[in-house]
Each structure stands twice: as C-alpha cells, then as structure tokens.
A.B. asks: 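Submitted below is the structure of interest, expressed as structure tokens.
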Amino acid sequence: MDKWILIDGNSIANRAFYAMPPLTNSAGLHTNAVYGFTTMLLKLLEEEKPTHVLVAFDAGKITFRHEGYSEYKGGRAKTPSELSEQFPVMKDLLKAFGIAQFELAGYEADDIIGTLTRRADEQGVETLVVSGDKDMLQLVSPKVTVAVTRKGVSELEKYTPEEMAEKYGLTPQQFIDLKGLMGDASDNIPGIPGVGEKTALKLLHEYGSVEEVLAHTHELKGKMKEKIEAHKDDAIMSKKLATIFREVPLEQEADDIRYGGYEGAALAEAFRKLEFKSLLERLELGAGEGGAAAEGVRPEAELAVVAIKGDADADKLQELVAALQDGAEHGLYVEAAGENPHIADVLGLAVAAGGQVYAMTLDTLQAPFAEPLRSWLADPDKPKFGYDTHKADLALAWQGIPLRGAAFDVQLAAYLLDPTDGSQTLTGVAQRYGLPGVQPDEAVYGKGAKFKVPDEETLLRHLAAKADAVLRIAPLQRDDLEKTGMHKLFYELELPLSRILAGMELQGVKVAKEELEALGAELERGIADSVARIYELAGTEFNINSPKQLGEILFDKLGLPIVKKTKTGYSTDAEVLERLEPYHDIIPLILHFRQLAKLQSTYVEGLLKEVRPDTGKVHTYFRQTIAATGRLSSQFPNLQNIPIRLEEGRKIRKAFVPSEAGWYILAADYSQIELRVLAHISGDERLKEAFIHDMDIHTKTAMDVFGVSAEQVDANMRRQAKAVNFGIVYGISDFGLSQNLNIPRKEAAQFIEQYFDVFQGVKQYMDDIKMQARKDGYVTTLLERRRYLPDIKASNFNIRSFAERTAMNTPIQGTAADIIKLAMVRMDEAIKDRKLKSRMLLQVHDELVFEVPEEELELMKQLVPQTMASAIELDVPLKADVNYGVNWYEAK
DNA sequence: ATTTACGAC
DNA sequence: TGGAAGTCGTAAATG
C-alpha cells in the first residue's frame with residue numbers, strides 16, 4: 001500500500017520561522033525555520049512511514065493569479081532575510097534526506113500539491129497533505145487528509161471529510177466559497193468587507209455556495225444585504241483566487257517522489273554543519289536500532305576499554321599507573337551524578353593514557369590497591385586534561401580523594417570559546433570538533449526521575465568514551481584559544497580560579513541556625529498577621545501566593561483597575577501593586593506579605609535546608625561556565641543574592657558567621673567598578689576626571705547633566721542621575737529609563753541626550769562598540785573574553801536592540817568580572833605566600849568575603865582592598881572599601 | 001516543565 | 001507604529 005505525503009514547503013517554513021525562537025549556528029546563519037521544519041519532517045517520517053514524499057515550493061513572485069488580479073498577495077511584508085537565507089539550506093537538507101522537491105514557474109506550492117492530490121484521488125492512493133495554511137482544506141477527500149499545523153509546527157491537526165463536516169459543517173468544495181466570502185488578508189484576497197468567518201459560515205449553511213448566496217441577496221436584509229450586493233464581483237473573484245489550480249502541467253510522475261529512507265551519513269553531516277546537536281544525537285541513537293548508521297560515528301561499543309573491576313584487576317591498575325609515567329598528556333573523566341557536586345555520587349572515573357582507556361567505579365578507586373592512582377590524582381605536578389574538573393574536584397573531595405593538577409578543562413575551554421552556548425556537554429563539544437562517539441548522558445542514564453545507573457559494563461564504557469574524547473578535544477580547543485586570543489585568560493585566570501573556587505566551596509560558610517530560626521519565628525508571626533488582615537479585607541480566604549487567585553480577588557472581586565497583563569492573566573508584580581496602592585488598603589498588606597513570604601521561604605527555610613547538620617555550614621557551588629558575561633553564578637544555595645537593600649531582609653546576614661570562635665567576617669567591595677571600567681574603556685575625559693578625583697559619581701553626573709553646582713544637587717537630582725548611570729551600564733533606552741524613573745519617555749530621552757552631550761566619550765564608545773559588534777560578530781572584555789552576538793544584524797527591532805544593549809553592556813560587566821577574578825587569584829596567592837589563616841569564602845560580583853582571625857584583622861583590612869585595587873591598572877584608579885564584624889550583617 | 005515573582009550585583 | 005534596562009538562581013503555583 002502506497003502512502004504519499006505532500007508538504008507545502010513555504011508555508012511550513014514560515015510557520016516554523018515565526019514559531020521557533022531565534023537560533024543561529026556559530027557561523028551566524030539563522031537556522032530556526034530549518035530546525036522546525038526538520039523536526040516536523042522527522043516526526044512525519046517516523047509516524048506515517050510514507051512510501052512517497054514531496055516538498056513543494058513556490059517559484060518566483062508572479063503566478064497566474066496575478067494575471068487576473070495584480071494585487072494578489074499585495075501588501076505583504078517582505079520576507080525577512082533571516083528566513084529567506086534559510087530556504088537554500090532547507091533545500092540542501094532535503095537532498096540529504098533523499099526527499100523530492102518540486103517548484104514550477106508561475107505556480108504556487110498549493111497548485112502543485114493540488115494537482116498531485118487529484119492524481120492521488122484518481123489512483124486511490126492514501127495521501128497526507130501538510131501545510132500551515134487552512135486553504136488546503138479544499139483538497140480533502142476520502143483518500144486525502146489535510147494536516148494543518150497548530151501551535152508552532154510540532155502539532156498537526158488532521159482533517160478528513162467527516163472532521164470538516166463536524167467542525168465547519170462544510171464540504172471541502174465549500175471551503176473555497178468560505179474564502180470567497182470572507183477573503184484572506186494575508187493573501188490580499190478581499191472577499192466581502194464586513195463578512196467574517198461567522199457570517200460566511202451562516203450564509204453557506206443557508207445557501208451552499210457563493211453563487212447561491214449572490215442569487216438570493218433579496219432574501220437578506222440590513223447592512224449585510226447592502227454590502228454583499230455591492231461586492232458581488234469581489235466575491236466571485238475572491239472565490240476564483242482562492243481556488244487551488246489542480247491542472248498544473250507537471251512532468252514528474254509518482255515514481256519521482258518515491259522515498260526510500262534517508263542516508264545517515266549525509267544527514268549527519270548536514271546536521272553537524274547546522275549544529276543541530278539534539279537531532280544529531282537522535283540520529284545516532286536511531287542508528288543502533290536498525291536505522292541508517294552515520295558514517296564516521298564510532299559508537300561507544302567499539303572503543304577498547306580496560307575495565308578495572310576490583311583488586312582482581314590489580315595488574316591492569318599497575319599497567320595504568322605505569323602508563324601515567326610516560327610524560328605524555330592524559331585524559332581524565334570523573335562522573336559525579338547529580339547537579340550538586342557537594343552531595344553527588346561519584347559513579348566512577350576513566351583515564352586515557354598510553355593509547356588505552358582505563359575505567360573503574362568508585363569502589364575500585366577507593367580500594368587499597370588503587371593507592372598509586374589516588375596519588376597520581378592528588379599530585380599537582382602530574383598534569384591532567386579533564387572535563388569540569390571543578391565539579392570532579394568537589395565530588396572526589398567529599399569522598400576523601402584529593403584531585404590536583406588540572407592542566408586543561410574541556411568544559412571551561414568550551415565556555416570561553418562560546419559562553420552563550422548553554423550546554424557544554426562533552427557529546428556536543430565532541431561533535432562540534434567532528435569527533436563524535438560520546439553517547440549523550442541522557443541515552444546512558446535516562447533523565448529526570450528515570451535516572452538510573454546502567455550495568456557496570458555500559459557505565460565504564462561511557463566513562464571511557466568521555467576520557468578518550470577529552471584527550472582528543474583538548475589540543476583542538478587549545479588551538480582555538482590561541483587563535484581567539486584567550487590562551488592567557490584560560491591558563492592564567494580561569495583555570496587557576498577553578499581550583500580556588502573549589503577550595504572556597506569546600507571550606508563553606510558557617511550558619512548560625514538559631515539566628516535563622518529566631519528570624520523565621522518572627523517572620524511567621526508577621527505572615528500570620530498579614531494573612532488574617534488580607535482575608536478580612538478581601539472578604540474571603542484564598543492563596544495569596546497564587547498570582548492567579550490574587551488577580552481574581554483584586555481585579556474581579558474588588559474591581560481594581562488592570563495595569564498590566566501577563567500572557568496567562570493579570571499581572572500582580574510589585575510594580576503593578578505599587579500603582580494600585582491608592583485604590584485599596586489591601587495592597588500594602590499584600591506587598592508586605594510578599595516581602596515576608598519571600599524571606600521566609602527562600603532565605604530562612606531555603607537556607608536552613610542547605611545547612612549541613614554535621615558542620616553547620618553551607619557549601620555553595622560557584623559556577624564558572626554559566627553567565628555569558630564572565631560573571632560567576634552561585635547555587636545550592638545561591639549566596640550571591642542574600643538580601644541587603646531592605647533592613648528586614650538584611651537581618652538574614654546576621655546568620656552568616658565565622659566558623660571559628662573569635663574570628664571575624666571581613667567584606668570588601670569595589671566602589672563603582674562598572675563605571676570605572678566604562679571610564680577606562682571609553683576614555684571619556686570627564687568620567688575619568690571624576691574618578692581620578694574620587695568624586696561621588698552620581699552627584700557629579702547630576703552636576704554635569706543638570707548644569708548645577710555640587711551644593712545645588714538635591715536628593716532627587718542625585719537619584720535621577722544614579723538611574724541614568726545604571727542605564728548607561730545596561731545599554732540605555734529612553735523607554736527603560738522612563739520606566740525606572742516613572743517619568744515620561746520624552747523627559748527620559750532628554751536626560752540621555754544631556755548625558756551624552758556631557759560625556760561625549762561615552763557616546764562615542766556606545767556607537768563604536770555597536771559598530772564593532774556588527775563588523776566582528778562579537779565583543780570582548782579587557783582580558784579578551786569574547787561574546788558572540790549573531791542577532792546584532794537581525795531585522796527584528798527587538799531582537800537587534802537586545803543584541804545592541806548586550807554589545808554595550810558585556811564589555812563593561814565582563815571586564816568587571818575579569819578584574820575581580822584576577823583579584824581572587826592574587827588574594828589566594830597572597831594568603832598562601834604569607835601563610836595566613838584567613839580564608840576567602842565568597843564572591844558577590846563586586847565583593848569578596850573572608851573569615852579572619854583577630855590577629856590578622858589589621859593586616860587583612862589593608863591587604864584585601866589593596867590587592868583588589870591593584871589587580872589591574874586602568875586609566876582610572878580602582879577602589880575597594882572594606883568592613884568587618886562578627887557576622888556578615890555587621891561587616892557593613 | 002513552564003510561568004510568575006523577586007532576591008542580588 | 002511600537003518595541004523597550006544588563007547578569008543570574010530559587011520558590012511556588014500551575015499546566
């Protein structure tokens with residue numbers, strides 16, 4: 001039994017383009033439409049198992065429809081270049097799939113498909129038409145089903161004659177009449193003005209066709225009658241335009257669209273170029289199940305692995321340890337299961353050495369006979385090439401196995417080479433370098449709740465594949481780091497920092513539980529009180545934490561004005577609530593409740609959950625490969641967003657205490673580091689001057705922007721100037737500033753103009769950096785950290801504007817991140833050199849936190865800010881302020 | 001799993 | 001025409 005699938009290529013590509021988020025490969029080629037199209041195609045091939053497949057495309061701009069009606073498809077926006085550049089790619093991909101594609105001058109894809117379905121009807125071949133457009137419904141027949149995309153492209157809604165009757169009460173033929181009456185704005189088919197789907201359906205149910213409707217206009221009345229009589233000709237022409245032409249002179253025959261399955265190698269190559277990682281993985285997974293195997297993909301099964309299983313294999317371990325003495329580079333992979341390395345299970349490890357790959361589970365590594373291997377792991381002078389050695393370091397440390405001597409890290413390198421590429425999985429990195437052969441973790445372990453450690457054989461093979469991949473990828477990445485000028489950044493900053501971070505994390509921060517619990521009890525009382533008063537004012541009980549329920553109370557029950565909506569309902573965020581304050585006494589209570597609930601759930605209960613019962617400490621995990629600007633991030637718990645702005649929240653900091661009696665918490669933070677960085681990289685003389693004289697930068701900005709003297713700057717002027725300075729750092733827009741200051745956009749625009757008038761060097765920098773981003777496709781920080789901005793040339797204003805703000809912000813935020821990282825490396829050295837007992841505990845973007853014994857207090861008060869200020873020499877001085885106290889709260 | 005809201009710099 | 005502030009992580013509700 002034959003089965004045909006006929007796809008409207010243009011229509012699906014369009015749908016995919018607008019439904020998918022923007023996606024580009026590293027060459028800057030947009031790929032989202034191709035991606036959406038491909039996932040749909042793969043799904044169709046798998047589910048429908050067709051014998052024949054065709055993708056039809058529109059050819060050229062002028063079709064026979066324009067002969068009678070030159071306005072056809074008029075007024076349509078030009079296809080954006082982000083989409084049009086994807087058509088050739090899509091056509092190439094179809095070749096790799098081995099799928100036929102037709103286009104014929106003067107005809108649209110619809111007509112080609114219409115002609116083929118006529119043949120299918122005649123021959124009685126079961127056929128599925130796939131389109132993003134309901135126009136195709138006129139082709140439905142007992143043999144022909146039409147599937148229309150719904151929500152993006154992944155879901156299809158199929159129509160048979162029965163379903164059409166059920167849903168519209170129309171035959172396929174009548175669908176043409178429907179369009180004749182109501183028209184189609186997207187094709188510029190007029191129809192009858194004022195007649196929409198509702199009216200058109202009513203008329204057709206009554207009279208059956210356009211012709212019959214027009215013959216019976218005397219039976220109609222009112223406005224509708226007038227309109228229809230006035231636009232009879234339009235209706236007739238619209239029906240003609242909407243009719244798919246089913247007699248296209250096609251030379252091809254059924255055999256020309258026969259589909260014999262794709263050839264894996266060609267497809268894999270195409271996916272690789274497009275950087276469709278997940279699809280590539282799917283292809284490789286499918287290969288094991290009898291699908292076409294991609295050429296050049298060496299399955300893990302074929303890797304020779306030396307499995308070391310307990311002391312029965314002591315001889316193999318000896319062989320490994322011997323191989324590790326060869327002075328060559330060795331690959332190491334440690335598998336830690338779970339996101340949090342402080343509580344992760346170490347499943348095992350693999351070492352690539354001497355042309356072999358050895359692998360073992362944790363049991364074996366911990367056995368007495370493995371001591372020589374553990375010595376190698378602990379030896380800082382035995383260089384290791386690894387993947388996420390930071391996580392490995394922590395996970396092993398908690399098992400009592402020290403790891404030192406990371407000399408290369410594939411994950412860290414992948415991050416520097418493209419920090420916006422969210423997942424630097426080994427599978428993905430290997431693929432990018434054309435070294436496939438690492439199964440995705442998901443395929444080996446399953447995902448989410450279904451996580452399961454496979455049998456030892458499979459596990460060790462997987463670990464071995466990773467260690468092998470690490471060793472082969474590292475030299476390639478090293479070249480790339482060299483080429484992009486990030487060699488030094490990698491070896492002298494990021495790699496040393498990763499070990500320093502691990503040390504800080506293992507040290508942990510002591511938490512005074514009783515302090516948190518007391519605060520929690522206080523919050524509990526406040527919350528209970530707020531809840532009772534809110535229920536009373538609302539006249540009912542509800543879940544205040546539910547934005548949905550809260551919205552219903554505020555806007556439906558109490559009838560407060562709707563300020564803003566989210567895509568799912570009413571917005572109830574703080575900004576909205578603040579605007580509603582004048583309308584109802586319940587609002588301040590809700591704001592207060594929100595504040596207390598946040599502190600309770602996130603900072604009291606959340607933090608308490610993370611405290612280790614044995615040590616009373618929290619051990620955060622600083623992630624070095626997440627933030628696109630080069631900043632660190634902090635997890636489990638996040639110690640970079642502990643409250644400080646409001647006093648109620650700030651009290652949380654009283655719970656962060658030194659881990660030794662009589663010690664102090666010492667915190668030092670950079671003063672205005674981002675604006676100082678801006679002064680340096682923009683070279684703006686006035687801004688530099690301000691910092692050289694260590695002026696209050698917001699006051700100084702107010703003086704210059706408002707043209708007044710220092711004495712004339714009032715609190716409000718300073719506040720506005722401060723907002724402008726923030727805006728400058730973020731890549732300003734008048735709208736953003738107007739929102740922030742709650743002033744009209746015009747005024748905000750004026751502020752910005754005045755600012756740029758005064759700080760012309762800054763203005764110049766903002767223009768230059770955008771131009772540079774357009775020219776190079778990326779921006780860099782002072783230490784050559786790089787961030788690609790493929791969207792900088794987008795035609796969509798929003799997308800392009802976002803990229804432009806990123807271009808302005810990233811060098812500033814990123815350079816600040818570079819500087820504090822440098823300071824951390826220097827501080828670590830200083831502490832070691834002077835053999836101090838003081839410990840670095842935390843980094844909070846512009847702040848470093850230490851615990852310090854009393855006898856080192858005076859020294860550290862000098863050393864820390866001095867080291868931070870001299871981490872790098874800029875055209876303006878850097879400055880760090882220092883404070884200390886018996887807890888983090890007091891270090892202010 | 002996604003959305004909303006909110007804490008930090 | 002309007003769009004529309006940079007970087008993160010966590011908790012709770014809800015699909």
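Letters A, B, ... mirror the listed sequences (proteins, then strands); counts begin at 1.
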A.B. asks: With a non-hydrogen cut-off below 4.0 angstrom, is L632(A) in contact with a base, only sugar-phosphate, or nothing?
C.D. replies: nothing
A.B. asks: Walk along DNA chain B from 5' to 3' and tell me the first and last nucleotide with an atom closer than 4.0 Å to a non-hydrogen atom of chain A.
C.D. replies: dT3(B) to dC9(B)
A.B. asks: Suppose we screen for side-chain hydrogen bond (donor to acceptor under 3.5 Å, both in side chains). Which residues come up paired with Y415(A), at least two apart in sequence or across chains?
C.D. replies: none
A.B. asks: Would you indicate what Q549(A) reaches in the nucleic acid, counting non-hydrogen atoms under 4.0 angstrom: base, sugar-phosphate, or nothing?
C.D. replies: sugar-phosphate
A.B. asks: Report the residue (Q813(A) or N798(A)) whose heavy-atom-nearest nucleotide on DNA chain C is the more 5′ of the two.
C.D. replies: N798(A)
A.B. asks: For DNA chain C, what residues of residues 800-812 of chain A have any heavy atom nearer than 4.0 Å?
C.D. replies: F802(A), R805(A), N809(A)
A.B. asks: Taking CG from N796(A) and P from dG2(C), how many angstroms apart are they, rounded to a whole number?
C.D. replies: 16 Å
A.B. asks: Who pairs with S634(A) by side-chain contact (heavy atoms from CB on, under 4.5 Å), at least two apart in sequence or on another chain?
C.D. replies: T620(A), F622(A), N638(A), L639(A), Q640(A)
A.B. asks: Just to verify, what does F593(A) make a ring-ring contact (aromatic ring centres under 6.0 Å, His included) with, not counting sequence neighbours?
C.D. replies: none
A.B. asks: For the residue pair D556(A) / Y570(A), report whether a side-chain donor-acceptor contact shorter than 3.5 Å exists.
C.D. replies: yes
A.B. asks: So, is N641(A) near the phosphate of dT10(C), with a side-chain N or O under 4.0 Å from OP1 or OP2?
C.D. replies: no
A.B. asks: Under 4.0 Å, heavy atoms only, any strand: does R623(A) hit a base, just the sugar-phosphate, or nothing?
C.D. replies: nothing
A.B. asks: Between dG6(C) atom C1' and N725(A) atom CG, what is the distance in whole Å?
C.D. replies: 15 Å
A.B. asks: Report the distance from atom CG of N340(A) to atom C1' of dG9(C), rounded to the nearest whole Å.
C.D. replies: 13 Å
A.B. asks: Salt bridge check, K763(A) against D767(A): does any charged N sit closer than 4.0 Å to a carboxylate O?
C.D. replies: yes
A.B. asks: Would you please name every residue forming a side-chain contact (heavy atoms from CB on, under 4.5 Å) with Y583(A), sequence neighbours left out?
C.D. replies: L560(A), P561(A), L580(A)
A.B. asks: Tell me which pairs pass salt bridge (charged side-chain N to carboxylate O under 4.0 Å, His left out) where either residue lies in residues 808-822 of chain A, with sequence neighbours left out.
C.D. replies: E494(A)-K821(A), R785(A)-D818(A)
A.B. asks: For H390(A), check ring-ring contact (aromatic ring centres under 6.0 Å, His included) against everything at least two apart and list the hits.
C.D. replies: Y621(A)
A.B. asks: Using a heavy-atom cut-off of 4.0 Å across all strands, would you classify N740(A) as base, sugar-phosphate, or nothing?
C.D. replies: base
A.B. asks: Could you check which of dA4(C), dG6(C), dT10(C) has an atom nearest any side-chain atom of R745(A)?
C.D. replies: dA4(C)
A.B. asks: Grab the CG-P distance between L678(A) and dG6(C) for me, whole Å please.
C.D. replies: 17 Å
A.B. asks: Checking all strands, does Q635(A) fall into the base, sugar-phosphate, or nothing category for heavy-atom contacts under 4.0 angstrom?
C.D. replies: sugar-phosphate
A.B. asks: Return the orientation label for the Y778(A) and Y788(A) ring planes: parallel under 30°, perpendicular over 60°, tilted otherwise.
C.D. replies: perpendicular
A.B. asks: At what distance, to the nearest 0.5 angstrom, does CZ of R787(A) lie from CG of D418(A)?
C.D. replies: 10.0 Å
A.B. asks: Mind jotting down which residue pairs meet the salt bridge (charged side-chain N to carboxylate O under 4.0 Å, His left out) criterion with at least one end in residues 624-643 of chain A? Sequence neighbours excluded, please.
C.D. replies: R631(A)-E674(A)
A.B. asks: I'd like a table of donor-acceptor pairs (distance under 3.5 Å, sequence neighbours excluded) in which one partner is a side-chain atom from residues 728-755 of chain A, with atom names and distances.
C.D. replies:
from    : atom 1 : to      : atom 2 : distance (Å)
S733(A) : OG     : G736(A) : N      : 3.0
S738(A) : OG     : F735(A) : O      : 2.7

A.B. asks: Roughly how many Å is it from CD1 in I642(A) to P in dT10(C), rounded to a whole number?
C.D. replies: 11 Å
A.B. asks: Rounded to whole Å, please give me the gap between CZ in F726(A) and P in dT7(C).
C.D. replies: 15 Å
A.B. asks: Determine the contact category for T572(A): base if any of its heavy atoms lies under 4.0 Å from a base atom, sugar-phosphate if only primed atoms, P, OP1 or OP2 are that close, otherwise nothing.
C.D. replies: sugar-phosphate
A.B. asks: Sticking with atom P, work out how far dG7(B) lies from dG2(C), rounded to a whole angstrom.
C.D. replies: 32 Å
A.B. asks: Please give, in whole Å, the distance from dA4(C) P to I752(A) CD1?
C.D. replies: 16 Å
A.B. asks: Remember a base hit wins even if backbone is also touched, and classify V729(A) as base, sugar-phosphate or nothing at under 4.0 Å, heavy atoms.
C.D. replies: nothing
A.B. asks: In whole angstroms, how far is the P atom of dG9(C) from the CD atom of Q843(A)?
C.D. replies: 13 Å
A.B. asks: Going by side-chain contact (heavy atoms from CB on, under 4.5 Å), name the residues that satisfy it together with A574(A), two or more places apart in sequence or in a different chain.
C.D. replies: E578(A), L591(A)
A.B. asks: How is A817(A) classified with respect to the nucleic acid when contacts are heavy atoms under 4.0 Å: base, sugar-phosphate, or nothing?
C.D. replies: nothing
A.B. asks: Go through residues 588-612 of chain A and report each residue with a non-hydrogen atom lying under 4.0 Å from DNA chain B, sorted by number.
C.D. replies: R594(A), K598(A), Y603(A)
A.B. asks: Checking all strands, does A816(A) fall into the base, sugar-phosphate, or nothing category for heavy-atom contacts under 4.0 angstrom?
C.D. replies: nothing
A.B. asks: Can Y730(A) be classed as stacking with the base of dA5(C), given a centroid separation cut-off of 5.5 Å and a plane angle cut-off of 30°?
C.D. replies: no
